[in-house]
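Note sheet for the following structure.
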Amino acid sequence: PGAARLALKEALQGAATNSRDYQNHKEDLYLAALALTAERFRWRPQWAGTLAAGATRGPDDTWVEGHSTFTVSQLLDLGGTLSASLATDLLRFTTGDPRPTSTSTLAVEFLQPLYRKSGRLVAREPLTQAERDTLYALRTFVRYRKSFCVDVTSRYYRTLQQRDTVANQWSNYKRIRQSRADSEEMARAGELPNLQVDQARQDELRAEANWVQAVRTYREQIDSFKVFLGLPAEAAVELDPSEVDRLRQTGLREVSLTPESAVETAMQRRLDLLTATDRVTDAERGIEIARNNIEPDVGLKANATVPSGTGAQGGTYSVGLDVGLPLQRLLERNTYRQALITLERARRAADELQEQIKLNVRNACRTLQEAATSHRIERDSVELAQRRERASRELLRLGEAIARDLLEANEALVNAQNALTRTLVDHTLARLSLWRDTELLQVDEAGVWQEVTDVNP
């Protein structure tokens with residue numbers, strides 16, 4: 001009593017806001033973006049500065065002094081570094097012969113590797129990989145959102161399916177209870193043996209036990225669903241049973257996508273397959289970088305220092321080469337060979353994922369087709385079971401049937417009713433799974449999936 005009724009759309013929106021697992025995946029994407037911003041920051045001018053001041057008293061003089069240093073450095077596309085610094089020293093004697101002195105030094109340094117660790121590919125690899133990792137994280141999150149929506153929808157409909165089972169078991173219990181009362185009345189009139197009355201009583205107890213068990217299962221499922229949504233288990237929430245009624249009114253939505261076109265669509269659109277293919281490119285790039293690390297160290301270095309101020313003399317300039325011979329490159333060689341293995345593994349992983357996607361899509365198509373056939377069968381089965389139950393009840397009243405016939409008809413009816421709801425939900429979820437597996441499923445900003453109408457690749 002007083003429970004809030006939660007529609008499917010509200011459940012999807014609430015899950016996107018409150019689900020703990022959903023928030024963890026959002027944070028994973030954010031962390032990847034943070035790593036990218038840190039790497040991009042490294043390629044901006046890096047500024048630094050220090051200030052220092054102090055006073056000193058000696059035997060003859062007292063003076064104050066100050067120092068300041070400002071530096072800026074910039075990474076270069078070819079792997080080099082350009083830096084500049086300005087240092088200023090101030091000194092003033094306050095006793096004896098007061099005199100100030102001031103000197104400033106401007107220093108510029110340029111470092112550029114010529115072989116090892118040189119070139120745009122090697123220099124910008126951390127930034128390149130950070131950008132690609134962010135793209136991969138975004139694709140992963142988009143895939144997760146779609147799978148999460150299907151999961152929420154599945155749990156929602158399965159819980160309502162169990163609620164429908166409770167209603168069917170309750171109706172069955174009431175029918176069997178009425179049959180038991182009719183059997184007792186017929187037995188008092190001498191029209192029915194006591195054995196059949198006991199059978200009716202036994203089935204009434206069984207029907208009541210089935211109803212109690214169905215209620216317990218339903219309550220467990222709805223509590224589990226609330227926790228999955230990020231709500232307290234004791235929250236007064238019920239699911240909207242009209243959602244299943246809408247499924248019944250709409251009926252089975254036809255899917256014009258054939259298994260072949262579904263596989264083709266998945267091959268073109270699947271985000272995880274795009275990522276697996278891109279990782280092959282990453283591995284190929286890694287081989288080039290590992291090969292570069294085997295080269296000798298040759299670096300160009302240039303410096304310029306220009307002083308100014310009291311007693312300053314001319315500046316100094318220097319240029320030179322630093323050469324490091326590749327006498328020991330065992331670790332670099334091993335890294336190169338590991339890069340070759342990584343490439344082969346990336347290719348195999350991409351091939352395996354491609355085949356797995358094909359298998360999953362084909363299975364999803366079969367599941368959808370099976371669910372449609374099963375729904376048609378169970379719909380006919382419900383109609384047949386209803387006629388059988390009415391006929392058995394009338395024949396029992398006329399004395400042309402036994403109580404067991406009616407009890408079996410009731411059992412067949414409740415089983416068919418449960419199966420009909422199950423196959424309806426199965427078909428809905430199979431359709432969503434197919435849209436997800438082919439990457440056609442779309443999720444809006446609120447976390448609600450949209451019905452697919454255009455199935456063109």
Side-chain angles (χ1 to χ4, degrees), residues 1-31 137-169 212-248 271-272 360 364 367-368 371 418 421-437 439-452:
R5 180 160 289 186
L6 196 64
L8 175 59
K9 182 178 181 180
E10 296 170 340
L12 290 168
Q13 292 173 340
T17 303
N18 302 316
S19 171
R20 299 169 180 86
D21 187 60
Y22 190 90
Q23 301 308 314
N24 288 338
H25 281 78
K26 285 179 61 177
E27 290 167 352
D28 289 340
L29 176 59
Y30 187 75
L31 291 175
L138 180 59
R139 289 172 178 170
T140 299
F141 181 66
V142 172
R143 283 286 303 164
Y144 169 77
R145 289 184 72 212
K146 296 180 181 182
S147 298
F148 182 76
C149 279
V150 174
D151 191 12
V152 173
T153 305
S154 175
R155 292 170 183 259
Y156 187 93
Y157 280 138
R158 292 303 182 191
T159 303
L160 284 182
Q161 175 188 329
Q162 182 60 31
R163 187 183 189 278
D164 192 68
T165 298
V166 171
N168 293 335
Q169 294 290 359
V212 171
Q213 182 180 10
V215 171
R216 179 185 63 82
T217 302
Y218 168 69
R219 288 175 175 168
E220 289 177 352
Q221 287 187 1
I222 197 169
D223 284 347
S224 177
F225 185 64
K226 287 185 288 187
V227 174
F228 174 76
L229 294 182
L231 301 175
E234 66 275 9
V237 172
E238 291 286 349
L239 307 188
D240 189 356
S242 64
E243 294 287 352
V244 175
D245 295 335
R246 277 191 282 271
L247 289 182
R248 294 193 181 101
L271 297 178
D272 49 351
N360 292 341
T367 301
L368 185 65
N418 292 337
T421 303
R422 185 192 70 247
T423 55
L424 179 63
V425 173
D426 287 347
H427 188 273
T428 301
L429 298 180
R431 190 178 75 256
L432 291 179
S433 298
L434 178 60
W435 298 146
R436 177 200 60 200
D437 293 342
E439 213 68 74
L440 290 171
L441 185 65
Q442 299 297 322
V443 181
D444 64 19
E445 295 180 357
V448 180
W449 55 267
Q450 308 298 308
E451 187 63 48
V452 177

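FYI, side chains are in, hydrogens and waters are out, and symmetry mates aren't considered; it's all heavy atoms of this structure.
- How far CG of Leu160 is from CG of Leu424: 11.0 Å, rounded to the nearest 0.5 Å.
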Going through the checks in order, is the side chain to side chain contact (heavy atoms under 4.5 Å, CB included) test met by Trp435 and Glu451?
CA-CA 9 Å; Trp435 298 146; Glu451 187 63 48; 3.9 Å; yes
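- Arg158 approaches Gln221 most closely through the heavy-atom pair O-OE1, 3.4 Å.
- Checking Asp28 against Asn24 by side-chain atom types alone, no donor-acceptor pair falls below 3.5 Å.
- When all heavy atoms of Val448 and Gln450 are compared, the closest pair comes out as O-NE2, 3.0 Å.
- A 4.5 Å side-chain heavy-atom check between Leu29 and Leu138 finds at least one atom pair inside the cut-off.
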Worked check of side chain to side chain contact (heavy atoms under 4.5 Å, CB included) between Asn418 and Gln169
CA-CA 9 Å; Asn418 292 337; Gln169 294 290 359; 3.9 Å; yes
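- Across Val150 and Leu441, no two heavy atoms sit closer than the pair CG2-CD2, 3.8 Å.
- Residues Asp426 and Arg431 are not paired through a salt bridge, judged by the lack of any N-O separation under 4.0 Å between the basic side chain and the carboxylate.
- For Arg436, there are no salt bridge (charged side-chain N to carboxylate O under 4.0 Å, His left out) partners at least two apart in sequence or on another chain.
- Atom CD in Gln23 sits 7.0 Å away from atom CD in Glu27 (nearest 0.5 Å).
- Closest approach of Leu271 to Val142, counting heavy atoms only: CD1-CG1, 3.6 Å.
- Between Phe228 and Tyr22, the ring center distance fails the sub-6.0 Å criterion.
- Here the side chain of Gln162 pairs a donor or acceptor atom with the backbone of Ala214 at under 3.5 angstrom.
- Contact check on Glu439 versus Arg143 returns a salt bridge, with a Lys/Arg side-chain nitrogen under 4.0 Å from an Asp/Glu carboxylate oxygen.
- Ionic pairing of Arg219 and Asp223 is not present here: no N-O contact between side-chain nitrogen and carboxylate oxygen is shorter than 4.0 angstrom.
- From Glu238, atom CD reaches atom NZ of Lys226 across 7.5 Å, with rounding to the nearest 0.5 Å.
- Applying the side chain to side chain contact (heavy atoms under 4.5 Å, CB included) test to Leu8 and every residue at least two apart in sequence or in another chain returns Leu12, Thr153, Tyr156, Tyr157, Glu243, Trp449.
- Side-chain atoms of Ser224 never come within 3.5 Å of backbone atoms of Glu220 as a donor-acceptor pair (strictly under, hydrogens ignored).
- Side-chain atoms of Asn168 come within 3.5 Å of backbone atoms of Asp164 as a donor-acceptor pair (strictly under, hydrogens ignored).
- In this structure, Thr159 and Ile222 have side chains that are in contact, with non-hydrogen atoms separated by less than 4.5 Å.
- Closest of all the heavy-atom pairs between Gly447 and Ala16 is CA-CB, 4.3 Å.
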Give the C-alpha distance, both sets of side-chain angles, the deciding distance and a yes or no for side chain to side chain contact (heavy atoms under 4.5 Å, CB included) between His427 and Leu368.
CA-CA 6 Å; His427 188 273; Leu368 185 65; 3.6 Å; yes
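- The line from OG1 of Thr428 to CZ of Arg246 is 12.5 Å long, rounded to the nearest 0.5 Å.
- Rounding to the nearest 0.5 angstrom, the gap separating the CZ atom in Arg248 from the CG atom in Asp245 is 5.5 Å.
- How far OG1 of Thr421 is from CG of Leu247: 10.0 Å, rounded to the nearest 0.5 Å.
- Contact between His25 and Asp21 at its shortest, heavy atoms only, is ND1-O, 3.0 Å.
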